[in-house]
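The structure under discussion appears below in the form of structure tokens.
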Amino acid sequence: MSEPTRFSNFIRQIIEADIAAGKNGGRVVTRFPPEPNGYLHIGHAKSICLNFGLARDYGGRCHLRFDDTNPLKEDIEYIEAIKEDVCWLGFDWGEHLYHAADYFDQLYEWAVKLIRAGKAYVCDLTADQIRDTRGTLTEPGKESPYRNRSVEENLDLFRRMRAGEFPDGARVLRAKIDMASPNLNLRDPVMYRIRHEVHHRTGDRWCIYSTYDWAHGQSDAIEGITHSICTLEFEDHRPLYDWFLDQIDPPHRPRQIEFARLNLSFAVMSKRMLNELVRDGHVSGWDDPRMPTLAGLRRRGYTSEAIREFCERIRVARADSTVDMELLENTVREDLNPRVPRVMAVHRPLKVVIENYPEDRVEEVEAPNFPDDPPRMGLRKLPFCRVIYIERDDFMESPPKKFHRLSPGREVRLRWSYVIQCTGVVKDERTGEVVELRCTYDPDTLNAPLPEGRKIGGTIHWVSAAHALKATLRLYDRLFTVPNPAGGEADFKTYLNPSSLQVLQEALVEPSLAEARPGDRFQFERKGFYVVDLKDSQPGMPVFNLIVPLRDTWAKMVKTGQTE
RNA sequence: UGGGGCGUAGCCAAACGGCAAGGCAGCGGACUCUGGAUCCGCCAUCUGAAGGUUCGAAUCCUUCCGCCCCAGCCA
């Protein structure tokens, strides 16, 4: 489960002040209110950690409430996915699972109350007409000609709206506030619209559905929410939130507090865009490991601990911000580093024949599973023989000065094994491509410290040709090539990274990985953290997803030309 | 242009009138059978700008500048 927060923020300060002042009887009740119209993403994780974290730390409770007031967009598929994601993230709503739909009757009654009080009216204007009479940012709107209908007429019409006497869009119920308000949300906002739609929860019982504004604050009040936390774009709605509450005058009075939503560089976070990526097949689904969805991150191999820690580190404030993708990546690395076993996997194999090693000999060398603290995870045995494979990148025919891996005439250490020296290069006659290396090994160097003065440049990973397992490696990179794909001139999809997924079918992994089960995580030494794919990995044909690569200072040197 | 917000390092962010935390990134160095990890050090004379108040200002006041949100019968 989750642990107490380490950092305060302005919301905590408000809550602490409220508790000190004895507001709400000292109770803290929050809620996470997703609309079931898409999958949860890491931005939602920020909200979940915030809301459930507040409840956890102040001895309160946090409700999971589905804000399901629009049957056109919502689907039960999303309900289940959302519940799974919240659980996986490590939070528990206990008994407090709610749906705005459960309050439709109460909402209807309160609407009638507003009509009786002359604070709401049925308006026959079309959607277009309502828009045209709303005014602009600088000009006031015009009052609807239906604004001053009698209470009786309004009551009758509203009842008939509910009874299904009118087609979709024919009429709406509007709050009667102020068409000249500088806050457009107060210009007689719509409370109910007619939609002859089946709702996933209420079936065909209703054909009028409340809007967000008329449902949200009321739902908060019904549930006894004390602090209703939402994102900045709802700030303009707060006066309306409060106005509605004033009209119904509930026993519990929630307070809306807004914070800045999470933006992540090199990613998109809007449901519309994520939906589009899925719908148009740019990714394999909501759980594609490149997606910033919780389902995607889970499949990618991220741990819920890492995501919670990330949400902690990004903090909560009111300034619009975009967090560096690198912070997320650093957080998983830090989480995985101390708890994941190390193994060897050759991504792009290059054959090496050790000429002075006996043809039929097979040795077993011992390797610690967690070299930084060997006793913790024990040892495994690695078969070693005459023919091995190493990483293609670990050999260069004419290397720059600072390259300290294999090249003709040079020595390297094979991880947990011998020191070898490259004595020959075999090339494809046609292409000139290096297809094989001839080497010799030094029999005195197995697990032995090197004598004084003898220095070996580097250590590289390897697998035994006769024993290695074939594996598929899926190398994931950021989905977009620019820091702010949603903010560019062009459509965000034009910034899709064409190499966000590279599949290596010919990878070779050490035989101990035969035991690996879906969901198991490893560090492929010198490469990155990997997870056995939950869906596609098969016993004979394992599939590993790259969770996050290891920091690679050599790559950085190559990139900046610092190799000489 | 009306209303509502927000500006502290490349990216987050603290500081609540008392002398600019921390994290990520970056840069040095130590160590290393992972060019990983770890460890050590450096990294804002300064808080969007300009004025003002004050013994003292990122914090208070004024003006200006910039960015975000709002004209759905979406949430």
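Order of the sequence lines sets the chain letters (A, B, ...), proteins ahead of strands, with each chain counted from 1. For the numbers below, each heavy atom of this structure counts, side chains included, while hydrogens, waters and symmetry mates do not.
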Could you tell me which nucleotide pairs with [N] by Watson-Crick or G-U wobble geometry, both distances under 3.5 Å, or answer none if nothing does?
N	value
B:U53	none
B:U32	none
B:U47	none
B:C42	B:G26
B:C6	B:G66
B:A14	none

Distance between [atom1] atoms of [N] and [M] (Å, rounded):
N	M	atom1	result
B:A20	B:U45	P	11 Å
B:G28	B:U62	P	47 Å
B:G7	B:U47	P	15 Å
B:C11	B:C43	C1'	14 Å

Starting the side chain at C-beta, find the nucleotide from [options] nearest to [X].
X	options	answer
A:Asn330	B:A71, B:A75, B:C24	B:C24
A:Arg415	B:A37, B:C33, B:G5	B:C33
A:Met557	B:C73, B:G35, B:G3	B:G35
A:Asp324	B:G3, B:G35, B:G10	B:G10
A:Thr322	B:C12, B:G36, B:G26	B:C12
A:Asp236	B:C24, B:G4, B:U34	B:G4
A:Phe234	B:G35, B:G2, B:A75	B:A75
A:Glu235	B:G72, B:G5, B:A75	B:G5
A:Leu137	B:G2, B:A37, B:A75	B:G2

Within residues 187-196 of chain A: residues closer than 4.0 Å to RNA chain B (heavy atoms):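 Close to the strand are A:Val190, A:Arg193, A:Arg195.
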Cationic tip of A:Arg376 above A:Phe370 ring, under 6.0 Å, 45° of axis: yes
Under 4.0 Å between a side-chain N or O of [X] and OP1 or OP2 of [N]?
X	N	value
A:Arg174	B:C73	no
A:Thr331	B:C24	no
A:Arg526	B:U32	no
A:Lys556	B:G26	yes
A:Thr459	B:U32	no

Donor/acceptor link under 3.5 angstrom from A:Asp372 side chain onto base of B:G36: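 Looking at the base of B:G36, it does pair with a donor or acceptor on the side chain of A:Asp372 (distance under 3.5 Å).
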N/O donor-acceptor pair, side chain A:Arg405 with base B:G35, under 3.5 angstrom: yes
Side chains of A:Gln13 and A:Ser8, donor plus acceptor under 3.5 Å: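 No, A:Ser8 and A:Gln13 have no side-chain donor paired with an acceptor closer than 3.5 Å.
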A:His216 aromatic ring stacked with six-membered ring of B:A75, 5.5 Å and 30°: no
Ring centroids of A:Tyr212 and B:A75 base under 5.5 Å with planes under 30°: no
Salt-bridged, [X] to [Y], with N to O below 4.0 Å?
X	Y	result
A:Asp393	A:Arg405	no
A:Arg272	A:Glu276	yes
A:Arg454	A:Asp444	no

Whichever of A:Asn185 and A:Thr445 has its nearest RNA chain B nucleotide further upstream toward 5': A:Thr445
Residue that, paired with A:Glu35, satisfies side chain to side chain contact (heavy atoms under 4.5 Å, CB included) out of A:Asn70, A:Thr69, A:Asp68: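 Going through A:Asn70, A:Thr69, A:Asp68 one by one, the side chain to side chain contact (heavy atoms under 4.5 Å, CB included) with A:Glu35 is satisfied by A:Asn70 alone.
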Parallel, tilted or perpendicular for [X] and [Y], by the 30°/60° rule?
X	Y	value
A:Phe524	A:Tyr530	parallel
A:Tyr209	A:Phe104	perpendicular
A:Trp286	A:Tyr78	perpendicular
A:Phe32	A:His44	perpendicular

Residue from A:Glu364, A:Glu510, A:Glu366 passing salt bridge (charged side-chain N to carboxylate O under 4.0 Å, His left out) with A:Arg380: A:Glu510
Could you pull out the protein-nucleic contacts involving nucleotides 13-16 of chain B (nitrogen or oxygen on both sides, under 3.5 Å)?
unit_1, atom_1, unit_2, atom_2, d
B:A15, OP1, A:Gln13, NE2, 3.4
B:C16, N4, A:Gln13, OE1, 3.0
B:C16, N4, A:Gln13, NE2, 2.7

Kindly list each side-chain donor-acceptor pair under 3.5 angstrom involving residues 413-421 of chain A, sequence neighbours excluded, with atom names and distances?
unit_1, atom_1, unit_2, atom_2, d
A:Arg413, NE, A:Ser417, O, 3.3
A:Arg413, NH2, A:Ser417, O, 2.8
A:Arg413, NH2, A:Thr445, O, 2.1
A:Arg415, NE, A:Glu525, OE1, 3.1
A:Arg415, NE, A:Glu525, OE2, 3.2
A:Arg415, NH2, A:Glu525, OE2, 2.4
A:Tyr418, OH, A:Glu363, OE1, 2.6
A:Tyr418, OH, A:Glu363, OE2, 2.7
A:Gln421, NE2, A:Gly409, O, 2.9

